[in-house]
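Computed from a predicted structure; not experimentally measured. For the numbers below, each heavy atom of this structure counts, side chains included, while hydrogens, waters and symmetry mates do not. Within every chain, numbering begins at 1; the chains are lettered A, B, ... in the order of the sequence lines, protein sequences first and strands thereafter.
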Number of protein chains: 2
Amino acid sequence: MLTIVDGDAAPSSLIAALDRVLELTVLLHDDMTTSLAAEGLTTSRAHLLWVLHHGRPSTQRALADALGVSARTVTGLVDGLAATGFVTRSPHPTDRRATLVQLTDHGATSVAAMARDQAGLADQLFADLPPAVFEGFVEGLDAVLERLREAIDRA
Amino acid sequence: MLTIVDGDAAPSSLIAALDRVLELTVLLHDDMTTSLAAEGLTTSRAHLLWVLHHGRPSTQRALADALGVSARTVTGLVDGLAATGFVTRSPHPTDRRATLVQLTDHGATSVAAMARDQAGLADQLFADLPPAVFEGFVEGLDAVLERLREAIDRA
DNA sequence: TATTGTTATACTCTATAACTATA
DNA sequence: TATAGTTATAGAGTATAACAATA
């Protein structure tokens, strides 16, 4: 974690807040990585399954676009997911260049488990928060997200 | 981004909140990756530089412990950072098995740039927030972090 | 001519295991 | 005997470029 607070500069509550946001991101990432590993998935492969669950059988080209990675990368991800039984490849009915990727039963079960895990995590993080605290958090979060999107757009 | 809200389950404000937290983490990660790439750094290498900046010349063993990776991984990271001029290796003064890694001027300059980037980001995210919104966000963030740490401890 | 997905190649991060040089 | 860091090896994610099959 890139914690910035040190003796080099005057401490800033803004920087301290960013540090805690970054800590949250790191902890969340580790938690999700651990959960997925228990099901035999990496984050990249899980992401592909997730896209598949929401978009139904897709060509690899469509998956590459949805995931924001190259066609070559999708080949590798699908290879791995097919070898471990999460997806299957089948020919596209009308375009003989293309391949359709679809979830197996095992893949669908894993996606359902991922959804349950996320719902459970949301519960653990938020369910017992005082409503005012939860609402304040969400309000601030939305404002921060908006500013972050603006900053990225400017860059 | 693993956005969970779909037609499969009753929409939940808790899940929606987690989705936005996850969106924030993804956008922050992409933003930082882009900034670091502009300086010729990956996140792993930047993390090592950051540890070095805060801990002064360190053995690779100490770096491996601080980063939570294997000794082999540190060898690779230091190889890359040395080849690109961010760090140098030198013999440990008293333990001839060990190697000290230290920042070059270029490495120190890069760490300073990283610190500036983070401070700038904190400004962009928080500086123009109404104080009450900022405080509500931080209060909620602290509560969420606490619950996340508890959840991880239980697991 | 353009597109889909592959092979070829390469770089990075990560790990374990075996080994060398030292403690 | 234990530790620091290396080589050897391997798997995963990522990319570009060249290529085959098909549109």
Side-chain angles (χ1 to χ4, degrees), chain A residues 1-2 26 29-30 32-34 36-52 57-84 86-102, chain B residues 2 26 29-30 32-34 36-52 55 57-84 86-102:
Chain A
M1 254 252 312
L2 277 56
V26 170
H29 177 264
D30 290 353
M32 302 189 99
T33 301
T34 303
L36 292 173
E39 303 184 49
L41 288 169
T42 63
T43 51
S44 295
R45 292 181 186 180
H47 197 173
L48 192 153
L49 291 189
W50 200 256
V51 167
L52 221 41
S58 308
T59 63
Q60 295 190 186
R61 178 68 260 161
L63 290 170
D65 292 340
L67 298 173
V69 299
S70 70
R72 179 63 186 86
T73 296
V74 170
T75 298
L77 294 175
V78 172
D79 283 352
L81 286 165
T84 47
F86 291 89
V87 303
T88 55
R89 283 183 168 106
S90 51
H92 189 285
T94 63
D95 186 341
R96 296 203 317 206
R97 296 169 305 179
T99 305
L100 285 183
V101 182
Q102 54 204 305
Chain B
L2 278 55
V26 170
H29 177 264
D30 290 353
M32 302 188 99
T33 301
T34 304
L36 291 173
E39 304 184 49
L41 287 169
T42 63
T43 50
S44 295
R45 290 179 187 181
H47 197 172
L48 192 152
L49 291 188
W50 200 256
V51 168
L52 221 43
S58 306
T59 63
Q60 296 190 186
R61 178 69 258 162
L63 290 170
D65 292 339
L67 297 172
V69 299
S70 70
R72 179 62 185 87
T73 297
V74 170
T75 297
L77 294 175
V78 172
D79 283 351
L81 286 166
T84 47
F86 291 89
V87 303
T88 55
R89 283 183 167 105
S90 51
H92 191 285
T94 63
D95 185 341
R96 297 202 317 204
R97 296 169 304 178
T99 305
L100 285 183
V101 182
Q102 54 203 305

Checklist entry - Going by heavy atoms in the side chains, are B:Leu41 and B:Phe86 under 4.5 Å from each other? => result yes
Item to check | Nearest-Å distance for atom pair CG/C1', residues A:Leu41 and D:dG11 | outcome: 15 Å
Checklist entry - Side chains of B:Leu100 and B:Pro93: does their closest heavy-atom pair fall under 4.5 Å? => result yes
Checklist entry - NE2 of A:His29 versus C1' of C:dC13: gap in Å, rounded? => result 12 Å
Next on the checklist: Less than 4.5 Å apart, side chain to side chain, heavy atoms only: is that true for A:Leu77 and A:Leu63?
Outcome noted: no
Next on the checklist: Expressed as a whole number of angstroms, how long is the span from A:Leu48:CG to C:dG5:C1'?
Outcome noted: 14 Å
Checklist outcome for this item: Between B:Arg96 and B:Ser44, whichever has its closest DNA chain C nucleotide further toward 5' is B:Ser44
Item to check | For B:Asp30, salt bridge (charged side-chain N to carboxylate O under 4.0 Å, His left out) partners two or more places apart | outcome: none
Checklist entry - How would you list, by chain and number, every residue that makes a side-chain contact (heavy atoms from CB on, under 4.5 Å) with A:Asp95, sequence neighbours excluded? => result A:His92, A:Arg97, A:Ala98
Checklist entry - Hey, does the side chain of A:Thr42 come within less than 4.0 Å of D:dG13's phosphate (OP1/OP2), counting only N and O? => result yes
Checklist entry - D:dA12 C1' sits how many Å from A:Leu81 CG, rounded? => result 12 Å
Next on the checklist: Classify A:Thr94 by what it touches in the nucleic acid, base, sugar-phosphate, or nothing, heavy-atom distance under 4.0 Å.
Outcome noted: sugar-phosphate
Checklist entry - Considering only heavy atoms from C-beta outward, does the side chain of B:Leu52 approach that of B:Pro57 to under 4.5 Å? => result no
Next on the checklist: Within the 3.5 Å criterion, strictly below it, is a donor on A:Gln102 or A:Arg89 matched to an acceptor on the partner's side chain?
Outcome noted: no
Next on the checklist: In whole Å, I'd like the distance from the CG atom of A:Leu67 to the P atom of D:dA15.
Outcome noted: 10 Å
Checklist entry - Rounded to the Å, how far apart are A:Leu36 CG and D:dG13 C1'? => result 15 Å
Checklist entry - Rounded to the Å, how far apart are B:His92 NE2 and C:dA23 P? => result 10 Å
Taking only N/O atoms, report every protein-nucleotides 4-7 of chain D pair under 3.5 Å with atom names and distance.
residue : atom : partner : partner atom : Å
D:dG5   : OP1  : B:Gln60 : N            : 3.2
D:dG5   : OP1  : B:Thr99 : N            : 2.8
D:dG5   : OP1  : B:Thr99 : O            : 3.1
D:dG5   : OP2  : B:Gln60 : N            : 3.4
D:dG5   : OP2  : B:Arg61 : N            : 2.5
D:dT6   : OP1  : B:Arg89 : NE           : 3.4
D:dT6   : OP1  : B:Arg89 : NH2          : 3.4
D:dT6   : OP2  : B:Gln60 : NE2          : 2.9
D:dT6   : OP2  : B:Thr75 : OG1          : 2.5
D:dT7   : O4   : B:Arg72 : NE           : 3.4

Checklist entry - Is the shortest side-chain N/O distance from A:Thr73 to OP1 or OP2 of D:dA15 below 4.0 Å? => result yes
